[in-house]
Amino acid sequence: QVQLVESGGGSVQPGGSLRLSCVLSGDTFSIYLITWYRRTPGKELDKVAGISGSGDITNFLASVKGRFTVSRDNAKNTAYLHMNSLKPEDTAVYYCNAQKIEKTEWGTLKPYDYWGQGTQVTVSS
């Protein structure tokens, strides 16, 4: 059974940094696309950053570009979201998502989608 466990959230002052971790167990980590999302109360889930299985392709929400980076260590089954120059508007619950697509025995494609439990990030003075 695939599980995702996040850690690293907390409270920080504006301008501070945090690193979130997302550990996958139960499957081969490197075949998964990892995406970080965040949800603020009353708002929809926003896609914050994504990283390909090999780690060579990344993308970011416009408002976090230049402040957040994303990385992964496939040997440790772990993805990271490095958040720098944090702002109060970055306050949210952050989730990691792991997605893969496999071909079934009938030749169709089946997606697999897993979520972490979420971790709270609070940016406040």
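What you see is a predicted model; the values in this text were computed from it and never measured. Both backbone and side-chain heavy atoms feed into the values below; hydrogens, waters and symmetry mates do not.
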> Work out which heavy atom in Met83 is nearest to a heavy atom in Val121; give both atom names and the distance.
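Closest pair (atom of Met83, atom of Val121, distance): CE-CG2, 3.8 Å.
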
> Distance-only, no hydrogens or angles: does the Thr122 side chain make a donor-acceptor pair with backbone N or O of Ser11 under 3.5 Å?
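Such a contact is absent between Thr122 side chain and Ser11 backbone.
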
> Using the rule that Ile, Leu, Val, Met, Phe, Trp and Tyr join whenever any side-chain heavy atoms are under 4.5 Å apart, tell me whether Tyr80 and Tyr94 fall into a single cluster.
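Each belongs to a different hydrophobic cluster.
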
> To the nearest 0.5 Å, what is the distance between CD1 (Ile31) and CD1 (Ile101)?
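Rounded to the nearest 0.5 Å, the CD1-CD1 separation comes to 11.0 Å.
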
> Does Thr28 use its side chain to pair, donor to acceptor, with the backbone of Ser30 at less than 3.5 Å?
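Such a contact is absent between Thr28 side chain and Ser30 backbone.
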
> For a side-chain contact (heavy atoms from CB on, under 4.5 Å) check, start with the C-alpha distance between Leu24 and Tyr32, then their side-chain angles and the critical distance, and finish with the verdict.
CA-CA 10 Å; Leu24 183 145; Tyr32 283 87; 4.0 Å; yes

> For residues Ser124 and Gln13, determine if any side-chain heavy atom of one lies less than 4.5 Å from a side-chain heavy atom of the other.
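Contact flag for Ser124/Gln13 side chains = no.
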
> Measure from NZ or CZ of Arg72 to the centre of the six-membered ring of Phe29 and say whether it is under 6.0 Å with the direction within 45° of the ring axis.
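Arg72 over Phe29 ring: yes.
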
> Report yes if the side chains of Lys47 and Asn59 come closer than 4.5 Å at any heavy-atom pair, otherwise no.
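In short, these two side chains touch, coming nearer than 4.5 Å.
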
> For the OG atom of Ser63 and the CG atom of Asp90, what is their distance to the nearest 0.5 Å?
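Rounded to the nearest 0.5 Å, the OG-CG separation comes to 7.0 Å.
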
> What are the two closest heavy atoms between Thr40 and Thr91, and how far apart are they?
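Closest approach of Thr40 to Thr91: OG1-O, 3.4 Å.
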
> Tell me whether the count of non-hydrogen atoms from other residues, nucleotides or ligands lying under 6.0 Å of CD in Glu44 goes above 12.
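Not more than 12 within 6.0 Å, no.
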
> For Arg39 and Leu45, which heavy atoms make the closest approach, and how far apart are they?
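For Arg39 and Leu45, the tightest heavy-atom pair comes out as CB-CD1, 3.6 Å.
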
> Is there a donor-acceptor contact under 3.5 Å from the side chain of Glu6 to the main chain of Cys96?
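Yes: the side chain of Glu6 pairs with the backbone of Cys96.
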
> Should the ring pair Tyr112 and Tyr114 be called parallel, tilted or perpendicular, given that the plane angle runs from 0 to 90° and is split at 30 and 60?
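Parallel, since the angle between the ring planes stays under 30°.
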
> Considering non-hydrogen atoms only, spot the tightest contact between Leu18 and Gly8 and give its length.
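So the two residues come closest at CD2-O, 3.8 Å.
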
> Between Tyr37 and Trp115, does the ring centroid distance fall short of 6.0 Å?
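Between Trp115 and Tyr37, which both carry aromatic rings, the centre distance is below 6.0 Å.
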
> Closer than 3.5 angstrom, by distance alone: can the side chain of Asp73 be matched with the main-chain N or O of Ala75 as a donor-acceptor pair?
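Here the side-chain-to-backbone pair exists.
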
> Rounded to the nearest 0.5 Å, what separation is found between the CG atom of Leu61 and the CZ atom of Arg67?
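Rounded to the nearest 0.5 Å, the CG-CZ separation comes out at 9.0 Å.
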
> Taking all atoms of both residues into account, what is the closest heavy-atom pair of Ala98 and Ile34, and its distance?
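Shortest heavy-atom separation between Ala98 and Ile34 comes out as CB-CD1, 3.7 Å.
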
> Please report the interatomic distance OH(Tyr95) to CG(Leu20), rounded to the nearest 0.5 Å.
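Nearest 0.5 Å value for the OH-CG distance: 12.5 Å.
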
> Begin from the C-alpha positions of His82 and Ser17 and carry the test side-chain hydrogen bond (donor to acceptor under 3.5 Å, both in side chains) through to its verdict.
CA-CA 8 Å; His82 310 261; Ser17 299; over 6 Å; no

> So how far is it from Leu33 CG to Ile51 CD1, rounded to the nearest 0.5 Å?
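Leu33 atom CG to Ile51 atom CD1 measures 9.5 Å (nearest 0.5 Å).
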
> Whether Lys100 and Asp113 form a salt bridge (side-chain N of Lys/Arg under 4.0 Å from carboxylate O of Asp/Glu) is what I want to check.
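No salt bridge links Asp113 with Lys100.
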
> In the structure I gave you, are the side-chain heavy atoms of Phe68 and Ser85 within less than 4.5 Å of one another anywhere?
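Phe68 vs Ser85: side chains apart.
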
> Keeping Asp27 on the side-chain end and Gln1 on the backbone end, is there a donor-acceptor pair under 3.5 Å?
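Flag not set: sc Asp27 to bb Gln1 has no pair under 3.5 Å.
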
> When rounded to the nearest 0.5 angstrom, what is the spacing between SG in Cys22 and CG in Asn77?
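Here the rounded value is 10.5 Å.
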
> Hey, does the side chain of Thr119 reach the backbone of Gly9 with a donor-acceptor pair shorter than 3.5 angstrom?
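Side chain of Thr119 to backbone of Gly9, a donor-acceptor pair under 3.5 Å: yes, one is there.
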
> Please report the closest heavy-atom contact between Pro14 and Ser125, naming both atoms and the distance.
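Between these two residues, the closest heavy atoms are CD-N, 3.7 Å.
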
> Given side-chain contact (heavy atoms from CB on, under 4.5 Å), test Gln99 with Asn97 step by step and report yes or no.
CA-CA 7 Å; Gln99 189 178 71; Asn97 170 269; 4.0 Å; yes

